[in-house]
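To start, the structure itself, in structure tokens.
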2 protein chains.
Amino acid sequence: MPDRRSRRRQDTIEEALHHGVQVITEQGVGALTISEVARRLGMRAPSLYKYFPSGLHALYDALFARGMEEAKAATERAVAGLAPGAARLRAAGRGYVRWAVENPGLAQLLHWRAVPGFEPSPGVMALSHAGQQLLADELQAAVDAGELRAEANDEEAIDTWTVLLSGLMTQQMANEPGAPFDEGRFTRLTDPVLDLWFERYGTH
Amino acid sequence: MPDRRSRRRQDTIEEALHHGVQVITEQGVGALTISEVARRLGMRAPSLYKYFPSGLHALYDALFARGMEEAKAATERAVAGLAPGAARLRAAGRGYVRWAVENPGLAQLLHWRAVPGFEPSPGVMALSHAGQQLLADELQAAVDAGELRAEANDEEAIDTWTVLLSGLMTQQMANEPGAPFDEGRFTRLTDPVLDLWFERYGTH
DNA sequence: GTCTATACCGTGATAGAC
DNA sequence: GTCTATCACGGTATAGAC
């Protein structure tokens, strides 16, 4: 199946996504256009329609999927080697927020609804649900390890966790874009903010 | 000064802002155009340049200012009659988040950096700082009333407060837009989330 | 203050030659 | 698979008549 032709094709798609990420990172998620990506690819706009037949929305959709993959990979790197438990969960939260501020374009696409007509396709939404399941699994593992109270895997606890991460990312990206994670006025608060959650849901 | 001519002029500006709010509420903050506002005003686009000479950016700027005024007014209504203290602060937080999800267009403009080229003018930023000072005053008053610990007026406490509000608004607007404050999956968590803050910074 | 007219640019998207 | 050509449409913004 992956003969020479389809490999080249995948490479082109890959490169298009790379340039797409560049554009939204530099200019914000609302600044993406087919033309600009084609320009950076050294192509004419119509040619890109061979790779993204439904145009701009397909490009956004692919970037959304790419964003989730990258966020997941970054989070996994951040927790590598840690045993299930509170410390691992904390590392996951830190890693996720760090990834977001270092990839603001993709993070905006994932966490803000900032592109007027766009919403992710069902297939991509399924990926998103899988990501949420991953968080639920981490929480359950920490509960099983005796480091979190049983309620930590309730919907309210999970949603609260996402509210904290979302607030950290959003405030940093909106008010002090470009600041490194360790120096950002808001991202510096990641640990104390997560402490608020652990004080409620951790076992002490 | 406010002769007949300038009053009519103010009315037109007022109406333009009204339609601008409508547009971003309906279609998101990225969907605002001079043409659309002119259309709704029953005007041609060029005419609007008499009121917003620098075009779209001036319109965004005016909407930003309007958003801050409305948010401030809504918050003040929410705390009317309450004495300085923790209860008043909580009501302010609730009122602010409620206003945001009921006015998502303006809230996006204020709290996300979702419009590619735009940033608020210095004059409007001054308004923003005034709003932050208001929060600091509330916190200090609650400290003086003996209901918050002294650290509650530190930068870290203030920033943490804004992180919580931002997370609540953002998660609700991005994941469940249109849901009423009292029913939203995330806005329902406003009280328990603010509890996290009061558990750290309140006196018990 | 509003209009028409215009210049200019950009976009998304499709058809069809090569 | 890429291109040129083209369509249709939208936008911002300015000049100048009324």
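Just the heavy atoms: all of them, side chains too, but no hydrogens, waters or symmetry mates, feed the values below. Letters A, B, ... are given to chains in the order of the sequence lines, protein chains preceding strands, and every chain is numbered from 1.
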- Item | Listed partners of A/Q108 passing side chain to side chain donor-acceptor pair (under 3.5 Å), at least two apart |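 With neighbours one apart ignored, the set is empty.
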- Message: Can you list everything that forms a side chain to side chain donor-acceptor pair (under 3.5 Å) with B/E176? Sequence neighbours excluded, please.
- Response: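 Per chain and number, B/E176 pairs via side chain to side chain donor-acceptor pair (under 3.5 Å) with B/Q172.
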- Residues two or more places apart in sequence or in another chain: which of them pass side-chain contact (heavy atoms from CB on, under 4.5 Å) with B/A31?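 For B/A31, the residues satisfying side-chain contact (heavy atoms from CB on, under 4.5 Å) (neighbours in sequence not counted) are A/P116, B/Q27.
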For atom [atom1] of [X] and atom [atom2] of [N], their distance in whole Å:
X     : N      : atom1 : atom2 : value
A/K50 : C/dT14 : NZ    : C1'   : 10 Å
A/L41 : D/dG1  : CG    : P     : 14 Å
A/Y60 : C/dT11 : OH    : C1'   : 12 Å
A/Y51 : D/dC3  : OH    : C1'   : 12 Å

- Contact class for A/F52 (heavy atom, under 4.0 Å): base, sugar-phosphate, or nothing?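 Counting heavy atoms under 4.0 Å across all strands, no contact is made by A/F52.
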Might you list the N or O atoms of the protein lying below 3.5 Å from N or O atoms in nucleotides 11-14 of chain D, with each pair's distance?
{"from": "D/dG11", "atom 1": "OP1", "to": "B/T33", "atom 2": "OG1", "distance (Å)": "3.4"}
{"from": "D/dG11", "atom 1": "OP1", "to": "B/R39", "atom 2": "NH2", "distance (Å)": "3.2"}
{"from": "D/dT12", "atom 1": "OP1", "to": "B/I34", "atom 2": "N", "distance (Å)": "3.0"}
{"from": "D/dT12", "atom 1": "OP2", "to": "B/I34", "atom 2": "N", "distance (Å)": "3.4"}
{"from": "D/dT12", "atom 1": "OP2", "to": "B/S35", "atom 2": "N", "distance (Å)": "3.2"}
{"from": "D/dT12", "atom 1": "OP2", "to": "B/S35", "atom 2": "OG", "distance (Å)": "3.0"}
{"from": "D/dA13", "atom 1": "OP2", "to": "B/Y49", "atom 2": "OH", "distance (Å)": "3.1"}
{"from": "D/dA13", "atom 1": "OP2", "to": "B/L56", "atom 2": "N", "distance (Å)": "3.2"}

- Message: Holding to ring-ring contact (aromatic ring centres under 6.0 Å, His included), I want the full list of residues that pass it with A/Y60, two or more places apart in sequence or in another chain.
- Response: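 By the ring-ring contact (aromatic ring centres under 6.0 Å, His included) rule, A/Y60 matches A/F118.
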Listing, residues 86-98 of chain B side-chain donor-acceptor contacts under 3.5 Å, not counting sequence neighbours, or none:
{"from": "B/R88", "atom 1": "NE", "to": "B/E138", "atom 2": "OE1", "distance (Å)": "3.0"}
{"from": "B/R88", "atom 1": "NE", "to": "B/E138", "atom 2": "OE2", "distance (Å)": "3.0"}
{"from": "B/R88", "atom 1": "NH1", "to": "B/V79", "atom 2": "O", "distance (Å)": "3.4"}
{"from": "B/R88", "atom 1": "NH1", "to": "B/L82", "atom 2": "O", "distance (Å)": "2.9"}
{"from": "B/R88", "atom 1": "NH2", "to": "B/E138", "atom 2": "OE2", "distance (Å)": "2.9"}
{"from": "B/R90", "atom 1": "NH1", "to": "B/D191", "atom 2": "O", "distance (Å)": "3.4"}
{"from": "B/R90", "atom 1": "NH1", "to": "B/D191", "atom 2": "OD1", "distance (Å)": "2.8"}
{"from": "B/R90", "atom 1": "NH1", "to": "B/D195", "atom 2": "OD1", "distance (Å)": "3.2"}
{"from": "B/R90", "atom 1": "NH2", "to": "B/D195", "atom 2": "OD1", "distance (Å)": "2.6"}
{"from": "B/R94", "atom 1": "NH1", "to": "B/D191", "atom 2": "OD2", "distance (Å)": "2.6"}
{"from": "B/Y96", "atom 1": "OH", "to": "B/H111", "atom 2": "NE2", "distance (Å)": "2.6"}
{"from": "B/R98", "atom 1": "NH2", "to": "B/D182", "atom 2": "OD1", "distance (Å)": "3.4"}

- Message: Is the phosphate of C/dG1 approached by B/R9 (side-chain N or O, under 4.0 Å from OP1 or OP2)?
- Response: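 Yes, within the criterion.
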- D/dT4 OP1/OP2 closer than 4.0 Å to side-chain N/O of A/R44: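 Looking at the OP1 and OP2 atoms of D/dT4, one of them is under 4.0 Å from a side-chain N or O of A/R44.
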- Query: Is it the case that B/W99 and B/T75 place a side-chain donor and acceptor less than 3.5 Å from each other?
  - Reply: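 The answer is no; no qualifying pair exists.
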